Amino acid sequence: MTKEILLPEIADNVVTGYLASVLVSVGDQIEEDQSIIEVETDKATTDIPSPFAGKILDIKVNQGDEIRVGQVIMIVESADSSAAEQAGDKPKAPEFSHQVTAEAITTEQTKDKVKQVVSTNTSSIADISSSKGAIVPASPSVRRFARELGVDINHVQGTGVAGRISDDDVKAHTKSVIQGGGFQSLIQSDYAEVPDFSQWGPVDTEPMSRIRQITAESTVNSWQSIPQVVQFDKADITDIEKFRQQNKNLVEKAGGKLTMTAIILKVSAAALRKFPKFNASVDMKNRQVVYKDYVNIGVAVDTAQGLLVPIIRDADKKNLSELSLELGELAEKARSRKLSSAEMQGGNFTISNLGGISGTGFTPIVYPHQVAIMGVSKASMEQVFRDNQFVARQMMPLSLSYDHRLIDGADGARFLAWICKVLEQAFNLWL
Ligand code: CAO
């Protein structure tokens, strides 16, 4: 019999997504649970599996389309019919209650949701609105843009079809709230037109991926709203590198890799406890500083799709082996696009280690709602003057970008010096 596959609910409060890729073709014989499309949202990229086996008769969506929960994705000729269908029961209308939380989207749950939305009729979109109540019509990118400006999307008047809200509507709303109070520079209202580059030679264009758009928006937002200062220092890691070489077998036996990043994580977690200002957020709206009694650290991971930052939770409570294992797992998940949105949320501080690649120093950008990020560059042997003589030591450059609204220069210098001291002699941690 012929069946439709509809887009299931992907995450809490997510009603649309972008079709990143179609993984099958018309005429393909597919298995139950086989991934058929990849959908990108502001939060993550999710594989959507087929709820049954069959032959694909038609594909109703194209790469790059913005698709809505409940929308028909494909028509499939399914060999078997369920007992309920044979008995003539109508398939259940999709239940779009917000039961799937962003932090708990497992493959099993996604499959369950897919099964819920398989239907032989196309009334699903109407069902969504009636079961959820009024949904403000706006794409994920517009919602994100509004959030970044601190604008409640529910207060924005949409000028598009059926009241759909665009970036321009959010900007117009924001401008009207500010009413020319001298803050226009905070609103990146109109991106300037770029010149026609083809007048100087051949060009090609490609649309930005969602990850690239989000990185672009988030870095612009940070650059415009956080006054950043960068402090540089160098850590003598000669002894800790010896320790790493001597002990890496132990971590390998447990299935992980004892890398410099894991060691830096451990030391940074201790530093965040010692210097609570660096484990805080600035809340200008309420003129307050939010100090956190948990130490969640993001680690920048370079992936083929772009930069992703999974969060190591409670890093201060984990030993080096645990941190190494968890970092390896999260980095692998990032590279295979399996990170959930929850695994990228709630970080207090970030580490960006480019030392495995190249470079003598760089100035990373503080993440929104954090107050500092530490850049790590490639360690190398240097002549260091100690005790009246030059000695060869392995030195690792560190750069700490921090939010000057909360952190003064002396704080930044002390924080980084402490990290260098502990990396130089790890037993300093016990003192
Ligand atoms: N100096 C010298 N060597 C270093 C180093 C440093 N600062 N950091 C790592 N290395 C070495 C490692 O020790 C490892 O050597 P061995 O194989 O001999 O053990 C090698 O480089 C490769 O390391 P790795 O990549 O396996 O592991 P890692 O923990 O060092 O890095 C991760 C993990 C996820 C941080 C890294 O893979 C990555 O993605 N880095 C890029 C981060 C990024 O893009 N930052 C920019 C973001 S914009 O601010």
Side-chain angles (χ1 to χ4, degrees), residues 211-212 214-223 226 228 230 232-252 255-269 297-312 315 318 320-339 343-344 347 349-368 370 372-382 393-403 416 419-420 423-424:
I211 292 178
R212 181 53 50 206
I214 289 166
T215 302
E217 285 166 9
S218 144
T219 47
V220 165
N221 175 264
S222 164
W223 196 257
I226 303 178
Q228 313 195 15
V230 190
F232 300 94
D233 213 329
K234 274 184 183 173
D236 180 343
I237 59 160
T238 316
D239 295 336
I240 208 138
E241 177 59 17
K242 275 187 205 140
F243 164 88
R244 187 176 82 86
Q245 295 299 344
Q246 283 161 3
N247 292 285
K248 62 184 187 186
N249 288 349
L250 289 175
V251 179
E252 264 163 33
K257 186 176 174 194
L258 180 55
T259 64
M260 193 45 74
T261 310
I263 293 171
I264 294 164
L265 251 173
K266 179 79 195 149
V267 175
S268 301
I297 301 181
V299 178
V301 178
D302 176 38
T303 78
Q305 288 73 42
L307 175 68
L308 290 173
V309 187
I311 309 295
I312 311 276
K318 294 174 180 165
L320 208 42
S321 300
E322 290 168 328
L323 291 173
S324 301
L325 284 170
E326 193 171 333
L327 175 60
E329 281 166 15
L330 287 173
E332 182 46 40
K333 272 176 119 177
R335 293 189 182 112
S336 56
R337 307 179 74 179
K338 299 288 180 236
L339 276 181
E343 285 169 319
M344 293 185 277
F349 177 81
T350 300
I351 294 167
S352 176
N353 182 5
L354 288 175
I357 306 174
S358 175
T360 55
F362 66 107
T363 56
I365 297 178
V366 177
Y367 277 82
Q370 299 181 11
I373 178 170
M374 189 163 71
V376 183
S377 295
K378 195 172 183 61
S380 59
M381 295 306 292
E382 288 182 16
R393 305 294 292 176
Q394 191 167 5
M395 304 299 289
M396 187 167 69
L398 299 174
S399 46
L400 178 79
S401 303
Y402 59 84
D403 184 339
L416 202 54
I419 287 185
C420 290
L423 282 170
E424 192 168 328

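For this chain, numbers begin at 1 and follow the sequence in order. One-based numbering, in listed order, for ligands and for the atoms of each. Source: prediction; values computed, not measured.
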Interatomic spacing from CE in M396 to CG in D233 - rounded to 0.5 Å: 11.0 Å
Per-atom contacts, ligand 1 versus M396 - under 4.0 Å to a heavy atom: 7 (N)
For atom 13 (O) of ligand 1, closest protein heavy-atom neighbour: R244 NH2, 3.0 Å
Protein residue, atom and distance nearest to atom 39 (O) of ligand 1, heavy-atom basis: D302 N, 2.9 Å
Pairwise distance CD1(I214) to CG(L308) - rounded to 0.5 angstrom: 9.5 Å
Distance from atom 43 (C) of ligand 1 to nearest protein heavy atom, with residue and atom: L354 CD2, 3.5 Å
Closest protein heavy atom (residue, atom, distance) for atom 42 (C) of ligand 1: A300 O, 3.3 Å
Heavy atom of protein inside 4.0 Å of atom 17 (O) of ligand 1, strictly below: yes
N/O donor-acceptor pair under 3.5 Å between K318 side chain and K266 backbone: no
Close N or O approach (V376, ligand 1; < 3.5 Å): no
Stepwise side-chain contact (heavy atoms from CB on, under 4.5 Å) test for L423 and L398: CA-CA 11 Å; L423 282 170; L398 299 174; 4.3 Å; yes
Atom indices of ligand 1, in the order listed, that fall short of 4.0 Å to a heavy atom of T261: 28 (P), 29 (O), 30 (O), 31 (O), 33 (C), 35 (C)
Interatomic spacing from CD1 in I311 to CD in E343 - rounded to 0.5 Å: 10.0 Å
Side-chain touch L258/I263, heavy atoms, less than 4.5 angstrom: yes
Contact check, R335 vs ligand 1, heavy-atom distance below 4.0 Å: yes
Whether S399 side chain and F362 backbone form a donor-acceptor pair below 3.5 Å: yes
Nitrogen or oxygen atoms of T259 and ligand 1 under 3.5 Å apart: yes
Protein heavy-atom partner closest to atom 11 (C) of ligand 1 - residue, atom, separation in Å: G356 CA, 4.4 Å
Which residue and heavy atom of the protein sit nearest atom 5 (C) of ligand 1, plus the separation: G355 C, 3.5 Å
Part of M374 with heavy atoms under 4.0 Å of ligand 1, whether side chain, backbone, both or neither: neither
Nearest non-hydrogen protein atom, atom 8 (N) of ligand 1: N353 ND2, 2.9 Å
Ligand 1 versus L307: contacting region, heavy-atom distance under 4.0 Å: side chain
Pair S222, Q370: side-chain N/O donor-acceptor within cut-off below 3.5 Å: no
N or O pair under 3.5 Å between K257 and ligand 1: yes
Between CZ on residue F349 and CD1 on residue I312, distance to nearest 0.5 Å: 13.5 Å
Derivation and outcome, side-chain contact (heavy atoms from CB on, under 4.5 Å), residues L250 and S321: CA-CA 8 Å; L250 289 175; S321 300; 5.9 Å; no
Whether N221 side chain and E217 backbone form a donor-acceptor pair below 3.5 Å: no
Atoms in ligand 1 with a heavy atom of V301 nearer than 4.0 Å: 34 (C), 39 (O)
Atom 20 (C) of ligand 1 protein-contacted, heavy-atom criterion under 4.0 angstrom: no
Residue K378 vicinity, atoms of ligand 1 by number, heavy atom under 4.0 Å: 1 (N)
Atom indices of ligand 1 within 4.0 angstrom of A379 heavy atoms, with elements: 1 (N), 2 (C), 6 (C)
Side-chain donor or acceptor of Q228 paired with backbone N/O of V366 under 3.5 Å: yes
Smallest separation among heavy atoms of V251 and S324, with atom names: CG1-CB, 3.7 Å
Proximity to ligand 1 by part of S377, non-hydrogen separation under 4.0 Å: backbone
Heteroatom distance test (S352, ligand 1): nitrogen or oxygen, under 3.5 angstrom: yes
